[in-house]
Amino acid sequence: MTDLTIPAALLPADGRFGSGPSKVRQEAVERLAKAAPTLLGTSHRKPAVKDLVRRVRTGLRDLFALPEGYQVVLGNGGATAFWDVAAFCLVQQRSAHYVFGEFSAKFAAAVETAAHLDAPVTVAAPYGTHPDPDPVDGVDAYALTHNETSTGVAMPVTRPGPGLVLVDATSAAGAMPVDASQFDAYYFSPQKAFASEGGLWVALLSGAAVERVAALRAGGRAAPPSLDLGIALDNSAKDQTYNTPSVATLFLLADQVEWLAERGGLGWAAASCRAKADHLYGWAQARSWAAPFVTDPARRSPVVCTIDLDADVVDAAEVAAVLRRHGVVDIEAYRKLGRNQLRVATFPAVEPADVEALTACIDHVVEALAG
Ligand SMILES: *Cc1c(COP(=O)(O)O)cnc(C)c1O
């Protein structure tokens, strides 16, 4: 059965449904190629690249309607590096972590290794749901995850109690609504909803977060320079990064921020992603051999849709393998979740018609494999 062919007419125009790295719009890549001769390979301390950083910073400020006093900060190393940045520059003594998937667990584990901090408090929930953001005594920072990319569970961003609210928004930022008054750091990498490449972290910081950075520094907390948020803040204010960034990543990020704004900003993006996700969840519910992994509809991610398949009917890995042979890629389940599952991203760059084509393709493959 592995020589199964999907009719070309059923296939999506673009077969990239990965949850990160995710689809990069070809128009943006073409604009990059056009700009390349005077941009790629030029100094990040000179106007051409600084202008890109400026476009990213002002574009994100508008996209998220950031209140007065909030800063847009950039650095190298992606969201994973930002966990270490937070451990050095945002957590004062002890943090609380709502853990409900691989990424939220990784931040807690990173803080666990920080010798200058008390052991973090973890509040865990089974994968497929999320913990209630209840207050925790004796902490000065809360770690939330807006969208757990490993499980497809979305969690509201609200302040659990006094302390800084640090939100891993890596797969949510640019695709889910958020109220900036509810967070102190909303951080992400650009290779998910922002349809760019990896390697960079971006953080939206409140005035309270900026004050914490200064207070820890004044109190003698020493961060390695590449993880020093104070240094990143100083450089970002000059539309630079502390060390050399990927200029292509910045270009694609700026292009996507402006593309989202042209379409109606975060409201448009959120509605578009929700509609595509609703198509997938509704499709799964209408199949006897498929079901959304997340049972509570209110917790189902609008951007990372996890769909369980009935193992007695079909092997999800085989479905994904047939689709991959046809150029429809990265819908395999998160490797450590270990379920008979497909995981499909519906980020803003993914066309609604392609999501519909994808479900038609899965129907075709399952019918053929299940005989
Ligand atoms: C992808 C992802 C990360 C890791 O991002 P990197 O750029 O690889 O560091 C962290 N958190 C969440 C929620 C993610 O989706």
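We count ligands from 1, going down the list as the structure has it; atoms in each ligand are counted the same way.
Using the six-membered ring where Trp is involved, Trp283 and Trp289 have ring planes that are perpendicular, over 60° apart on the 30 and 60° scheme. The aromatic rings of Phe183 and Tyr186 lie parallel to each other, with less than 30° between the two planes, well short of the 60° mark. Using cut-offs of 30° and 60° on the angle between ring planes, the pair His116 and Phe88 is parallel.
Between the side chains of Arg299 and Thr129, a donor-acceptor pair is found at a separation under 3.5 Å. Asp140 and Gln93 share no donor-acceptor pair across their side chains, judged by distance under 3.5 Å alone.
Considering both main-chain and side-chain atoms, Thr80 comes within under 3.5 Å of ligand 1 through a nitrogen or oxygen pair. Between Asp168 and ligand 1, an N or O atom pair is found at a separation short of 3.5 Å. Taking any N or O of Gln191, backbone or side chain, at least one lies under 3.5 Å from an N or O belonging to ligand 1.
Taking the six-membered ring where the residue is Trp, the centroids of His97 and Phe107 are separated by under 6.0 Å.
Ion pairing of Asp363 with Arg287 is present here, as a side-chain N (NZ or NE/NH1/NH2) and a carboxylate O approach within less than 4.0 Å.
Atoms of ligand 1 lying under 4.0 Å from any heavy atom of Ser189, numbered from 1 in the order shown and given with element: 5 (O), 6 (P), 7 (O). Interface of Trp83 with ligand 1, defined as ligand atoms under 4.0 Å from a residue heavy atom, comprises 10 (C), 11 (N). In the vicinity of Asn147, heavy-atom distances shorter than 4.0 Å reach the ligand 1 atoms 13 (C). Residue Thr149 has at least one heavy-atom neighbour below 4.0 Å for each of these atoms of ligand 1: 12 (C), 13 (C), 14 (C), 15 (O).
Contacts between Lys192 and ligand 1, counted as non-hydrogen atom pairs separated by less than 4.0 Å, involve the side chain only.
In this structure, Phe82 has no heavy atom closer than 4.0 Å to ligand 1.
Protein heavy atom nearest atom 10 (C) of ligand 1, with residue, atom name and distance: Phe103 CD2, 3.3 Å.
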